[in-house]
Amino acid sequence: MYAQMVKSESTQDAPEKLAAFQARIDAGEKIEPKDWMPEGYRKTLIRQIGQHAHSEIVGQLPEGNWITRAPTLERKAILLAKVQDEAGHGLYLYCAAETLAVSRDELTEMLLDGRMKYSSIFNYPTLTWADMGAVGWLVDGAAIMNQVPLQRTSYGPYSRAMIRICKEESFHQRQGYHIMMKMAQGTPAQKKMAQDALNRFWYPSLMMFGPSDKDSVHSAQSMKWKIKMNTNDELRQKFVDQTVPQAEFLGLTVPDDTLRWNEDKGGYDFAEPDWSEFFDVIQGNGPCNTERLAARNKAWDEGAWVREGLMAHAAKKRAAKLAAE
Amino acid sequence: MTDQSALFEYLLRLGDNTLVLGHRVSEWCGHAPVLEEDIALANSALDLIGQTQMWLGLAGEVEGAGRSADDLAMLRDVWDFRNLLLVEQPNGDFGQTLMRQCLFDAFHLELLTDLTRASDDRIAAIAAKALKEVTYHLDRSSETVIGLSDGTEESHRRMQAALDLLWPYVGEMFTPDAVDNAMHAAGIAPDLTALRTRFDTRIDAILAEATLTKPDSTYAQSGGKTGFRHSEHLGHMLTQMQWLQRAYPGATW
Ligand SMILES: [Fe+2]
Ligand SMILES: [Fe+2]
Ligand SMILES: [Fe+2]
């Protein structure tokens, strides 16, 4: 997911305090920034929300890659609006993280020097216009699977950020699917592009949910705290069940020979992605890790004079105002 | 030149300015110095693309040859573009982008203000809609230019350099030619000399607050809005912008 393999942090707090905290969560109460919370809860949330925010920001790059090559004015406007939304999502999430006493700049530094991660999916290249379709359809589609339940997460600011984000995500997925539809119904070359995009993005999209965590203690703790709402396998299954009929409707083939409807479980059986590839990608060896981080570092470094200039100006204005008073 | 062909040319100028500048600004998406700026730049680009759809849509109607806004954007070559040289200049650093934006916005705002009173209702209506957006663009770009110019030593130096670099492209906006004159006579376009006075008042105030020095030179590069001689930059932009339409002719997207 946007937040993959977030390890929960251990907590040293007194058992009675922990129990009272857990009781609030079990009762469906929202935890607010000023409330007492276990250190492990706070740290896990920072890691998870931060990783989610970074994913929105780095996620601008693969789609931003096609804004200047969009085939029509309307497509250009839609794609630009979509990528702009993702920047907005990053902003909401950084604001939510800041309520946990970590600044946006600190989080950014941790992204830029590799201490914090972002979703593996954004380390794949976008090679054709059909990839704009596949990303909206599959990547935003997978994100929605995770984000919809997170609207009910226990941490108030995170939950409210998710509610705002979810309002925009369905447009993202629809515009992606619409691109795919045009191409799947288009010329033979367009159809080929659409199939090729599905071939390349299918397994990386399945990886977004992370490896199976049904036996993970970290996930169990996060689920108890309601900062993780479902297991990775549950979400992946839901995603496959939703997406396969959509691919059929497009007349495209999911690149999985083992894909079968399983009447008993009421869902599809499907092949697992290659998890060794996943671990390569999150360790920095994906096809675009280097470029993505370099692009973010370049924007940050080359923007330093701008941030400093604007801050210096604001300080001058404050000083002038004080002097006038 | 017939009035109809002058009108077509004039609409291309309006639409190509917003098309080319919108494209340039969209190049920043995902790469701006601060998240808020990234979002704001995308906003401006979106407005400009929307204005392009209206201007070029109307241009296609006036031409009457069945060309849509997309056809005009995606299937003309450099010499058929009618945008100002200013807007095709590369982004450079963030300061250069904002300086270009501010100079264009100040011109654009005055131009649109007059176009809301054009004798052609279609033009007046588009101008009125665009004017609201551009008023906001100028607020933002002028504020940022002022903030950066009156910030640190480095940011001041960069902003002065941006102004010096771009100033030679200001004159073209106000140098009338046969198309401008025909449109002025038809009660559509304003008198560019009067427009320049209002532009100068605005820009002088911004530059004063920004502590920047207006370049002495009045030399003006030209050739953009007539299409006679664009800069080398425009062709490279078109290779990206038009690539899909050129590589897969007739496909719908
Ligand atoms: Fe997203
Ligand atoms: Fe998002
Ligand atoms: Fe999205």
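Both backbone and side-chain heavy atoms feed into the values below; hydrogens, waters and symmetry mates do not. Computed from a prediction, not measured in an experiment: that's the story for all the values here. Every chain is numbered from 1, with letters handed out A, B, ... down the list of sequences.
Looking at Asp150(B), the atoms closer than 4.5 Å to chain A (heavy atoms on both sides) sit in the backbone and in the side chain alike. Met74(B) touches chain A through its side chain: at least one heavy atom from C-beta onward sits under 4.5 Å away, while N, CA, C and O do not. With a 4.5 Å cut-off on non-hydrogen atoms, Ala32(B) touches chain A through its backbone but not through its side chain. Residue contact with chain A, scored on non-hydrogen atoms closer than 4.5 Å, involves the backbone and the side chain of Leu148(B) alike. If you measure heavy-atom distances from Arg158(B) to chain A, the contacts under 4.5 Å come from the side chain alone. In this structure, the portion of Met193(A) lying under 4.5 Å from any heavy atom of chain B is its side chain and not its backbone. The contact between Ile146(B) and chain A is made by backbone and side chain atoms together, counting heavy-atom distances below 4.5 Å. Looking at Ala70(A), the atoms closer than 4.5 Å to chain B (heavy atoms on both sides) all sit in the backbone: N, CA, C or O. The contact between Gln245(B) and chain A is made entirely by side chain atoms (from C-beta outward), counting heavy-atom distances below 4.5 Å. With a threshold of 4.5 angstrom between heavy atoms, Trp243(B) approaches chain A through side-chain atoms but not through N, CA, C or O. Heavy atoms closer than 4.5 Å to chain A are found nowhere in Met237(B), neither backbone nor side chain.
Within residues 73-80 of chain A, the residues approaching chain B closer than 4.5 Å by heavy atoms are, in numerical order, Leu73(A), Glu74(A), Arg75(A), Lys76(A), Ala77(A), Leu80(A).
Note that OG1 of Thr144(B) and NE2 of His313(A) are 9.5 Å apart. Values are rounded to the nearest 0.5 Å. Rounded to the nearest 0.5 angstrom, Glu37(B) CD and Leu310(A) CG are separated by 6.5 Å.
Heavy-atom contacts from other residues, nucleotides or ligands closer than 6.0 Å to OH of Tyr136(B) number 12 or fewer. The number of heavy atoms from other shown groups lying within 6.0 Å of NZ (Lys182(A)) does not exceed 12. No more than 12 heavy atoms of other residues, nucleotides or ligands shown are found within 6.0 angstrom of CD on Glu209(B). At most 12 non-hydrogen atoms from other residues, nucleotides or ligands lie less than 6.0 angstrom from CZ of Arg164(A). Around the NZ atom of Lys298(A), the shell of radius 6.0 Å holds no more than 12 heavy atoms that belong to other residues, nucleotides or ligands.
Using a 4.5 Å cut-off on side-chain heavy atoms (C-beta onward), Gln60(A) and Cys29(B) make contact. Side-chain atoms of Glu302(A) and Asp93(B), non-hydrogen and from C-beta on, never get closer than 4.5 Å to each other.
Residues Gln84(A) and Leu46(B) come closest through the heavy atom pair OE1-CD1, 3.5 Å. When all heavy atoms of Tyr248(B) and Ala189(A) are compared, the pair lying nearest together is CE2-CB, 3.8 Å. Pro33(B) approaches Gly303(A) most closely through the heavy-atom pair CB-CA, 3.4 Å. The minimum heavy-atom distance between Gly309(A) and Ser155(B), with the atom names listed, is CA-OG, 3.7 Å. Taking all atoms of both residues into account, the shortest heavy-atom contact from Thr187(A) to Ala251(B) is CG2-CB, 4.2 Å.
Residues meeting the ring pair (Phe, Tyr, Trp, His ring centres under 6.0 Å) test with His54(A), sequence neighbours left out: Tyr94(A).
Note on Glu154(B), Met159(B), His23(B): by heavy-atom pairs under 4.5 Å with chain A, the leading option is His23(B). Ranking Pro71(A), Gly64(A), Ala87(A), Ala81(A) against chain B, the residue ahead of the rest is Pro71(A), based on heavy-atom pairs under 4.5 Å. Chain A forms more heavy-atom pairs under 4.5 Å with one residue of Glu27(B), Gln242(B), Glu36(B) than with any other, namely Glu36(B). For chain A, the option among Leu98(B), Thr52(B), Leu19(B), Asn43(B) with the highest count of heavy-atom pairs below 4.5 Å is Asn43(B).
At distances below 3.5 Å, at least one donor-acceptor pair connects side-chain atoms of Gln190(A) with backbone N or O atoms of Thr252(B). With Arg69(A) contributing its side chain and Leu244(B) its backbone, the two residues share no donor-acceptor pair below 3.5 Å.
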Self-check item: Worked verdict on Lys317(A) versus Glu143(B) for salt bridge (Lys or Arg N to Asp or Glu O under 4.0 Å)
Solution: CA-CA 13 Å; Lys317(A) 275 183 96 171; Glu143(B) 233 174 69; over 6 Å; no
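Inspection of the Gln240(B) and Thr68(A) side chains reveals an N or O donor paired with an N or O acceptor under 3.5 Å.
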